Each structure stands twice: as structure tokens, then as C-alpha cells.
Amino acid sequence: MDNGCLKNDEKYQKLLEIIEVNKNVRGSLIRVLHDAQEVYGYLPIEVQKVVAEGLGIPLAEVYGVVTFYAQFTTKPKGEYRISVCLGTACYVKGSDKLLDRIQEELGIEVGDCTEDGRFSIEACRCIGACGLAPVFTVNKDVYGKKVPDDIPAIIAKYRE
Amino acid sequence: MKMINLKIDGTPVTVPEGTTILEAARAAGVKIPTLCFLKDINEIGACRMCVVEIKGARALQAACVYPVSEGLEVITNSEKVRKSRKITLELILSNHDRRCLECSRSQNCELQALSKELGVNEIRFPALNEKTLLPIDDLSPSVVRDPNKCVLCRRCVSVCKNVQTVGVIDTMERGYRTVVASPFGKSLADTPCVNCGQCIAVCPTGALTEKSDKSKVWAAISDPEKYVVFQTAPAVRFSIGEAFGMPQWSPPSEDSASTRFLTPTQARTLRSWKRAPSS
């Protein structure tokens, strides 16, 4: 199988295994994509091509499914995933300003990852911590009741 | 075959089991408007233009995918049905590029015909502007894709994937952002598209159209420096026709794809040229 520009490494072997197990199962595309994202962290075009070819599904359909579900991402995620809640309670408490400041500090937009691969930003919906609004998380750490000026110090903590 | 008795707008109809309400209605001479439906190719009940009222059912149902059953009573033209269809159509038109005069599909457009049929005299949603208009993909040698004219009926997706088994277009993204496109935002020119044109043939609107070279042809014909040689499409009969026993220099048929666009004078020129080929 043509693997595009994927390295013929452990991850690639794992991807082939995932496809091998599911290739004759009808409706297995979403499961394969889930597992592939687990392996690679995201779903770049090369991975999608291998999946499409392996399952005998047009690339257009694979990409259609990937872009339909918010769970799938075509962009790499950082070592530290910053997730800012834009749910109603957080939003009225100014989480949009937190998000703006985080984007400014890291110099990237929502959905993107810093060049060094350390930070990525995403906007999320209610995470059930409205009492702490505005809330954002960095991986599994939860930060509540923060203001934009708290951001540089928090980011600096992870930079070390 | 088991026959099913039902009533459409009060008229008794008998059709074979497995028939849809739409087909039963057509057989009974009752017209139900459709947009995404294309027999045997796209039967997905997506556009909701064919909704009908069914006695005893809670919600309106899509006639194109609803199989008939014994004793079914269908109403195809009630106030509720008409209202629903019209609002659905208005919403489809809400993000449609409504510059019909500039559209090559004008007057040969299913969406335009539906708007007229359902009496859409006024659209309460603002027209698309520079900010909301999506870029047109015209890089392919023969197919132009204008997402602003697309109604997301998925006929093209279906014919490309299931009939031609090429599958270079599909629905991308979700909700309001949904668009029929090629993967990774690529142009059709950068996909394995075979330029068969089936997507154009099934498109109900001007979202997929042929790339026209007519102006180039006109310019070449009127260029006195050029010796004009015609090759009409489909070109097969001229290229390999002889091998299949067709007479050499067969005159172009009047209905071939390209001769339809010729003026009588051009057609005459073409025929006289065919009669007297140079060595």
C-alpha cells in the first residue's frame, strides 16, 4: 500500500493493523478513524489516504466524515491542549477575552498548534464547571475564575 | 405481486407493494414537487420538498422514500403541506446565490421552476455578499463548481460515487457550513475526476456546469487569419468511426452536442467542408 509520506514506523504498522482488522466490517470507517487518531493524535491527509485505500472508500467520503464530526481533527494537537469553554455561563463571564489573550500569548489561532508542538488551543462547550466561570483547561488541569492578565503566568508554568 | 390499496387526495389507488408514495402519486396523476430525488440514483429524502400529510401520522413524511401500506390515506396539497414546502424552499434559497440572470442554468433550473411553482415571490433572507460567497472552483478543464448555487441535494455525490464509481466529491463539514466539494479543499482539477460530466447532468441548479469555450470558438471562427477546421463533439465518429464501418466524412448529426450551438451558416460551412475535404 502506498503510504504517502508517512514514515514506515511503529505508528504506520499500527495503522495497517487497525485497517486490517476492520476492512471487511461494514460501517467501520468511524471506528478506524477513531483508532487512527488515537495513534497519530490527528488525521492528516496521508493517514486519511491510507484509510481510504485500505477500506476501499473514496477519499472524499473519508474526508467528509472527518470534517463532519467535531471529534476528528486534521491538525496536530500540542503537548498541552488548552481548551477554553465558550458555553453560555463562561462566555458571559468573559471567556472570549481569555481566549483572545491565550491566542495573543501563543501567537496562534483556535484549532492551531504552536510550531514547537507544545501548545494547541481549542474552544469547547460547557464542561460542567459553570460555578468557576470563566473556565479553561490545560490537559487535565482546570482553571476557573481567571482574568486575561493571569494567562501569561499560567502559560509560563507549562513552558518550563 | 402483492397489491396495495391506498388513497391519495381522496382518490383510491392500487399499486404494487414496495412502491413509494411519490411513485403511487405519479401513477395516479398527482404531482408532488421534488428536488433531491432522482430515481434509482438519489433516493434519500433530504430536501423535504415532497412532504405529504399521512392520516394518523404525527409529522409530515417525505413521499419519495415512504413505502405505501394498505389503507394509507395521503394528502398531498393541504395548507400544512404547502406551508412546509414553501418555508423549506425559502430556507434553501436563504444561502443561494440568487443572481439567476447571470446563471447558465436560468430557465432550465429545477430550483427556479420550484420557486415559481410554489409561489416564492419574496425571500425574507438577505442575499449573499462578498463575505458569505464561497470561492468558485473553475480550475478543472471541463467542470465548473459554484458552491453558492448548490442546494446540497447530493445527486452529484451519488452519481459520482455509485454510478461512475469515481467518488471525487462528497459533502464536507456540517450544518450551515456544509458544502459539496473535493477532499482537503482541493480543486476538482487536482482529484482523479474523469471529467465525465455526469454530475453536471444531474445537478438541478447551476452549481455544476460545463466550462464553456464558446467565446474562444467564436473568436477563432471570426479570425480571418485562421483556416477554420471543425471537429464536432462527440468526436468519436470522426476519430474512430471508420473502424466501425461508418462512412468517411460522415456529416455531423444535427443533435450532436456541439452542433446544437452552431448557427445555420456555420452548420452549412461545416457541411460543405465535410463534402470537400482537402487531400
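The basis for the numbers below is simple: all heavy atoms, side chains too, and nothing from hydrogens, waters or symmetry mates. Fair warning: this is a prediction, and the values are worked out from it, not measured in the lab.
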- Task: Step through the shown structure and confirm whether more than 12 heavy atoms of other residues, nucleotides or ligands are within 6.0 Å of OH on Y91(A).
- Result: no
- Task: Decide if atom NZ of K146(A) counts as having more than 12 heavy atoms of other residues, nucleotides or ligands within a radius under 6.0 Å.
- Result: yes
Which atom pairs, one donor and one acceptor, sit under 3.5 Å between chain A and chain B?
| from | atom 1 | to | atom 2 | distance (Å) |
| --- | --- | --- | --- | --- |
| E61(A) | OE1 | K161(B) | NZ | 3.1 |
| T67(A) | OG1 | E173(B) | N | 2.8 |
| F68(A) | O | R174(B) | NH1 | 3.2 |

- Considering only heavy atoms and a distance below 4.5 Å, find which of V65(A), V66(A), V62(A), L59(A) pairs most often with chain B. L59(A)
- Query: So, for G167(B) and A60(A), which heavy atoms are closest and what is the spacing to 0.1 Å?
  - Reply: O-CB, 3.6 Å
